[in-house]
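I have placed the structure first, in the form of structure tokens, so that the comments after it can refer back to it.
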Amino acid sequence: MSTADLIWMNGEFVAWEDAKVHVLTHAMHYGTGVFEGIRAYETEDGQTGIFRHQDHLRRLERSARLYYMDIPYPLEQLREVTHELISRNGFRSCYIRPLVYRGHGPMGLDPLDNPVEVSIAVWEWGAYLGEEGKRNGIRARVSSWRRISPDSLIPQAKASGQYLNSVLAKIESKKAGYDEAILLDHKNHVCEGTGENVFVIKDGTIYTPPHTASILDGINRKSLMEIARDLGYTVVERDIGRAELPLADEIFLTGTAAELVPVREIDDIEIGPPGEITRALQREFDDALHGRTERYREWLDVVPVREELSQA
């Protein structure tokens, strides 16, 4: 992970080392924050394109609303700030983390009198599950932890505190010698990875869990579904049983941090090396991320070149 020089916090650009919050920040104690994971990629023509930036910002706003937080800045300002932050830090490709959270104020479980604060950080971050995982696939296990139930929290919100669920599953899988965990939902159907959506391929058809399976509605998930259909594949959203995982022809995970990662083994049962459909989707998706496909160019929010940089 390569850090940046600057972070944006509550309307100001501050040095990376000075980006601090009070120890009694409400979000630190109670998890009252929502966030996004976004990536920017260097395109073939040397520009920097943020992948589906507006979609991510709209989801950030929806997540905040579900937790009774009004973002104190318009989304367009957050978009422009992100452009400037990337430019000021001199990045061509980077990971972007906007965070909306309850700040320092009254302590207790009623957060409504605590200020809503916003920060945006960018840094250079490689593939979440490793370049080797993207090439050759990863080993995964079904976690003993269940994905959070919609009866208890809001799976559709990308909320900070909710990720303790994923943290437990991730630690369990790593300690057992696996690369990643797959969680079942409260009905014992396949839900998602610790930070990725799940796709299962059987007899040429692509299956993925529906919204009712407590998934986060992933931006990459929607992108892969569109790409798959454009390539002529049938994509079906339906409940998936645990036993369907080791019986699948191919499995892959997708998320902003992980991008698209094949699963070669599940619960010590070999699925096999990345298959033909997974590879085709991976190639097309990578082309979309880097602006090599005109059909998906609209997904990239191009960062304007700052005048002083263009003259350098």
Side-chain angles (χ1 to χ4, degrees), residues 7-12 14 19-38 50 52-82 85 95-122 145-169 183 185-187 191-192 194-197 209-222 255-257:
I7 289 178
W8 187 85
M9 296 185 70
N10 297 318
E12 297 181 358
V14 299
K20 299 178 175 67
V21 297
H22 196 282
V23 71
L24 294 182
T25 294
H26 197 275
M28 186 182 297
H29 293 258
Y30 300 113
T32 47
V34 298
F35 67 96
E36 278 297 315
I38 313 170
I50 304 173
R52 303 197 73 159
H53 194 191
Q54 291 94 330
D55 292 320
H56 279 284
L57 291 177
R58 284 192 289 267
R59 189 174 66 178
L60 180 72
E61 184 177 51
R62 290 194 298 270
S63 294
R65 187 165 66 247
L66 287 169
Y67 276 96
Y68 303 96
M69 291 187 289
D70 293 322
I71 301 177
Y73 304 94
L75 296 189
E76 182 58 27
Q77 182 178 352
L78 298 185
R79 174 175 173 258
E80 292 171 357
V81 162
T82 303
L85 189 62
Y95 185 83
I96 305 161
R97 173 55 58 87
L99 174 67
V100 179
Y101 59 98
R102 291 283 183 179
H104 175 224
M107 188 56 68
L109 292 175
D110 177 1
L112 297 181
D113 288 332
N114 291 67
V116 176
E117 304 190 2
V118 183
S119 68
I120 303 174
V122 298
W145 297 100
R146 293 292 183 265
R147 168 75 166 152
I148 54 174
S149 164
D151 296 327
S152 301
L153 287 168
I154 310 171
Q156 294 80 11
K158 196 171 177 68
S160 304
Q162 294 179 179
Y163 272 77
L164 281 173
N165 182 218
S166 292
V167 167
L168 288 171
L183 293 88
D185 68 9
H186 60 293
K187 298 175 292 185
C191 179
E192 60 184 27
T194 62
E196 312 90 10
N197 291 112
H211 293 163
T212 52
S214 295
I215 66 167
L216 179 71
D217 187 16
I219 307 295
N220 280 17
R221 172 183 180 271
K222 290 189 286 191
T256 295

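Index from 1, following the sequence.
- Separation of atoms NZ (Lys20) and OG1 (Thr25) is listed at 13.0 Å; rounding is to 0.5 Å.
- Judged purely by atom type and a 3.5 angstrom limit, Ser166 uses its side chain to pair as donor or acceptor with the backbone of Thr194.
- Not counting sequence neighbours, the partners of Tyr163 by the side-chain hydrogen bond (donor to acceptor under 3.5 Å, both in side chains) test are Lys158.
- Taking the side-chain hydrogen bond (donor to acceptor under 3.5 Å, both in side chains) definition, one finds that Glu76 meets it with Arg79, sequence neighbours left out.
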**OP:** Check step by step if side chain to side chain contact (heavy atoms under 4.5 Å, CB included) holds for Thr256 and Glu36.
**Re:** CA-CA 9 Å; Thr256 295; Glu36 278 297 315; over 6 Å; no
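- Using modelled atom types, one side-chain atom of Gln162 and one backbone atom of Ala157 make a donor-acceptor pair closer than 3.5 Å.
- For the atom pair CG (Leu99) and CD1 (Ile7), the distance works out to 10.5 Å, reported to the nearest 0.5 Å.
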Subject >> Verdict with reasoning, Asn165 to Leu183, per side chain to side chain contact (heavy atoms under 4.5 Å, CB included) >> reply: CA-CA 10 Å; Asn165 182 218; Leu183 293 88; 3.8 Å; yes
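- Arg147 approaches Ser214 most closely through the heavy-atom pair NE-O, 2.8 Å.
- Considering every non-hydrogen atom in both Asp185 and Cys191, the closest pair reads N-CB, 3.8 Å.
- A pairwise comparison of heavy atoms in Gly33 and Ala27 identifies N-CB, 4.4 Å as the closest pair.
- Note that CD of Glu80 and OH of Tyr73 are 14.0 Å apart. Values are rounded to the nearest 0.5 Å.
- In this structure, the separation between CD on Glu192 and CD on Glu196 is 8.5 Å, given to the nearest 0.5 Å.
- Here the side chains of Asp70 and Val116 are not in contact, with every heavy-atom distance at 4.5 Å or above.
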Subject >> Candidate pair Trp8 and Leu78, rule side chain to side chain contact (heavy atoms under 4.5 Å, CB included), full reasoning >> reply: CA-CA 10 Å; Trp8 187 85; Leu78 298 185; 3.9 Å; yes
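- The shortest non-hydrogen separation linking Met28 to Val23 is SD-O, 3.7 Å.
- When all heavy atoms of Leu60 and Pro98 are compared, the closest pair comes out as CD2-CB, 4.1 Å.
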**OP:** Could you give me the CA-CA distance, side-chain angles and deciding distance for Tyr67 and Val100, then say whether side chain to side chain contact (heavy atoms under 4.5 Å, CB included) is met?
**Re:** CA-CA 11 Å; Tyr67 276 96; Val100 179; over 6 Å; no
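- With sequence neighbours excluded, the residues that form a side-chain hydrogen bond (donor to acceptor under 3.5 Å, both in side chains) with Thr32 are His26.
- Interatomic distance, CG of Leu153 versus CD1 of Ile148, reported as 5.0 Å (0.5 Å rounding).
- Sorted by first and then second residue, the side chain to side chain donor-acceptor pair (under 3.5 Å) pairs involving residues 101-120 (not counting sequence neighbours) are Asn10-Glu117, Tyr101-Glu117.
- Contact between Gly218 and Arg59 at its shortest, heavy atoms only, is CA-NH1, 3.6 Å.
- In this structure Arg97 satisfies the side-chain hydrogen bond (donor to acceptor under 3.5 Å, both in side chains) test together with Tyr95, sequence neighbours excluded.
- Not counting sequence neighbours, the partners of Arg221 by the salt bridge (Lys or Arg N to Asp or Glu O under 4.0 Å) test are Asp217, Glu237.
- Here CG of Asn197 is found 10.0 Å from CD1 of Ile219. Values are rounded to the nearest 0.5 Å.
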